[in-house]
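Structure, as structure tokens:
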Amino acid sequence: MKGAYILPARQPAPAKATSITRRRESPGASSSTQWRKDHAKHADRLKRAREGKRVDPVAAYIGAPRPSPVMVWTPEQTSAFLAYARRDRLFALYRLIAVRGLRRGEGVGVRWPDVIFEQSRIGVHWQITQLGWAAIQGAPKTDASDREIAVDAETMAILKGHKKRQARERLAVGGDWAESGFVFTDELGRPLHPQHVTDRFYWLCYEPGLPPIRLHDLRHGAATAMLAAGVDIQIVQETLGHTSSAFTRDTYTSVYPEAAAAAAEATAALLAAQPSPAPPSALPGRRTARPRTDHKPTANDTSREIGGSLIHLPPARRPQ
């Protein structure tokens, strides 16, 4: 799998997010293979504990030790997940979480009347949360969470395809169809149980061989991607449904200045890539300065790779 698993460079303080880098490993080893070794060791321990009896591969997969409870994928790994998940009937839901940062309950709670195809917007006015095993329907957790978000054209097209598929499923079961009004349902039109969405997500991560993350970490990945792309902090806050931009900035305290710097570099690179206008011809009677040919390159002349940094995120100080 191309791209490295995002791993912490140092142990962060409990209340704040810190910058991360790729794990430093022995030559020839990569962090994308390190997690496989950790998983294999964990599965072997489980098998010995069960005295050779079969071990659930997904249980071993998600139970393998990780450097931190909160991890995010690289952009390459997120793209690989979306490419693999495209075959799943809930692909549109996982894409919404990965691209727009919806919480699990918010994604499961989206209703068709709140999907505005003409404006490429979705209203987040409902959620389905889990209390014990019971699925609870209700309003979003805060006033800021009750919001309307902009959605990219490709995701809206995927939602249109999802709606057509749902219509075919409705015709197939006839009178057994439940008119729930939810965008994401089971094959009989009933609202999804949040845990079902999580269990399905783990399978879609395990089968293509991606490093294990939580479903909620897709939301963190969306946030870091927006910041790395130079999206204004206020827009990120409103998209995620945070109560304030200060909370968003504090949660992603390290990626924000790095993302701002990356955006500045990207802007400069874009301008530098434009063709330069031809120099004006010299005025009569003036000598044109000849370019220097004795300049030697210095450390400041070396090119720099442009890109945003992703982060390792510890649990937030308070729920948002």
Side-chain angles (χ1 to χ4, degrees), residues 82 85-86 88-131 134-171 173 177-198 200-201 204 215-223 225-226 231-232 234-245 247-248 319-320:
L82 292 175
R86 185 175 289 272
D88 192 84
R89 65 183 298 274
L90 296 181
F91 168 61
L93 171 58
Y94 296 122
R95 181 178 172 89
L96 268 179
I97 297 174
V99 176
R100 294 282 75 195
L102 269 65
R103 300 176 178 93
R104 179 183 69 172
E106 294 171 345
V108 175
V110 174
R111 297 170 181 259
W112 283 119
D114 297 325
V115 180
I116 311 171
F117 287 106
E118 298 79 9
Q119 300 177 17
S120 293
R121 300 185 70 83
I122 291 179
V124 182
H125 307 309
W126 205 255
Q127 68 174 358
I128 302 178
T129 54
Q130 187 174 337
L131 182 60
I136 309 298
Q137 300 182 20
K141 58 191 302 185
T142 66
D143 290 341
S145 299
D146 193 322
R147 63 199 186 278
E148 194 174 279
I149 61 173
V151 181
D152 62 283
E154 182 178 353
T155 301
M156 294 305 292
I158 291 170
L159 281 169
K160 287 181 180 179
H162 176 81
K163 191 172 187 178
K164 292 178 181 178
R165 183 187 303 108
Q166 192 179 76
R168 292 194 297 269
E169 291 176 344
R170 177 183 178 182
L171 288 175
V173 299
W177 182 263
E179 295 289 353
S180 65
F182 287 99
V183 173
F184 304 108
T185 66
D186 65 8
E187 292 81 352
L188 296 177
R190 298 171 298 190
L192 293 173
H193 192 289
Q195 187 59 47
H196 170 73
V197 176
T198 297
R200 202 178 189 104
F201 170 74
L204 293 173
L215 177 56
H216 194 72
D217 293 336
L218 272 187
R219 170 176 163 87
H220 292 313
M226 283 187 277
V231 178
D232 183 79
Q234 183 74 27
I235 296 177
V236 176
Q237 172 231 323
E238 293 173 354
T239 302
L240 296 176
H242 287 164
T243 54
S244 69
S245 58
F247 176 85
T248 306
Q320 289 291 326

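- In terms of the side-chain contact (heavy atoms from CB on, under 4.5 Å) criterion, residue partners of Ala178 (sequence neighbours excluded) are, by chain and number, Arg190.
- The two residues Gln127 and Glu106 have their closest heavy-atom pair at CB-N, 4.1 Å.
- Sorted by first then second residue, the ring pair (Phe, Tyr, Trp, His ring centres under 6.0 Å) pairs that include residues 136-158, not counting sequence neighbours, number zero.
- A distance of 9.5 Å separates CG in Leu93 from CG in Asp88, rounded to the nearest 0.5 Å.
- Residues in residues 156-165 take part in no salt bridge (Lys or Arg N to Asp or Glu O under 4.0 Å) pair, two or more places apart or across chains.
- In this structure, Ile149 CD1 and Leu240 CG are separated by 9.5 Å, a value rounded to the nearest 0.5 Å.
- With Asp114 as reference, His125 is the one residue of Glu148, His125, Arg121 to meet the side chain to side chain contact (heavy atoms under 4.5 Å, CB included) rule.
- Checked by atom type and distance alone, the side chain of Tyr94 pairs as donor or acceptor with a backbone atom of Val197 at under 3.5 Å.
- For the residue pair Arg100 and Val151, the shortest heavy atom distance occurs at CD-CA, 4.2 Å.
- Note that CG of Leu215 and CD of Gln195 are 9.5 Å apart. Values are rounded to the nearest 0.5 Å.
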Could you walk me through whether Glu169 and Gln166 satisfy the side-chain hydrogen bond (donor to acceptor under 3.5 Å, both in side chains) test, starting with their C-alpha distance in whole Å, then the side-chain angles of each, then the deciding distance to 0.1 Å, before giving a yes or no?
CA-CA 5 Å; Glu169 291 176 344; Gln166 192 179 76; 5.8 Å; no
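- In this structure, CD on Glu238 lies 11.5 Å from OG on Ser244, to the nearest 0.5 angstrom.
- Here the closest heavy-atom approach between residue Ile158 and residue Phe91 is recorded as CD1-CE2, 3.4 Å.
- Here Pro191 pairs with Ile128, Gln137, Ser180, Phe182 under the side-chain contact (heavy atoms from CB on, under 4.5 Å) rule; sequence neighbours left out.
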Show your working on side-chain contact (heavy atoms from CB on, under 4.5 Å) between His162 and Val183 and close with a plain yes or no.
CA-CA 8 Å; His162 176 81; Val183 173; 3.9 Å; yes
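- Judged purely by atom type and a 3.5 angstrom limit, Arg219 has no side-chain atom pairing as donor or acceptor with the backbone of Ile97.
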Step by step, work out the side-chain contact (heavy atoms from CB on, under 4.5 Å) result for Val110 and Leu102.
CA-CA 10 Å; Val110 174; Leu102 269 65; 4.1 Å; yes
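- Heavy atoms only, all atoms of each residue included: Thr185 and Leu90 are closest at O-CD2, 4.3 Å.
- Pairing each heavy atom of Thr198 with each of Arg104, the nearest pair is OG1-NH1, 2.7 Å.
- Glu154 is linked by a salt bridge (charged side-chain N to carboxylate O under 4.0 Å, His left out) to Arg86, Arg95, counting only residues two or more places apart in sequence or in another chain.
- Arg103 places no side-chain N or O within 3.5 Å of a backbone atom of His216 that could act as its donor or acceptor partner.
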With side-chain contact (heavy atoms from CB on, under 4.5 Å) as the criterion, how do Gln237 and Phe247 come out once you've worked through the C-alpha distance, each side chain's angles and the decisive distance to 0.1 Å?
CA-CA 8 Å; Gln237 172 231 323; Phe247 176 85; over 6 Å; no
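- The shortest side-chain heavy-atom distance between Leu96 and Ile122 falls under the 4.5 Å cut-off.
- Residues Leu204 and Ala85 share a closest heavy-atom pair of CD1-CB, 4.0 Å.
- Judged purely by atom type and a 3.5 angstrom limit, Arg147 uses its side chain to pair as donor or acceptor with the backbone of Ser145.
- With sequence neighbours excluded, the residues that form a side chain to side chain donor-acceptor pair (under 3.5 Å) with His196 are Arg200.
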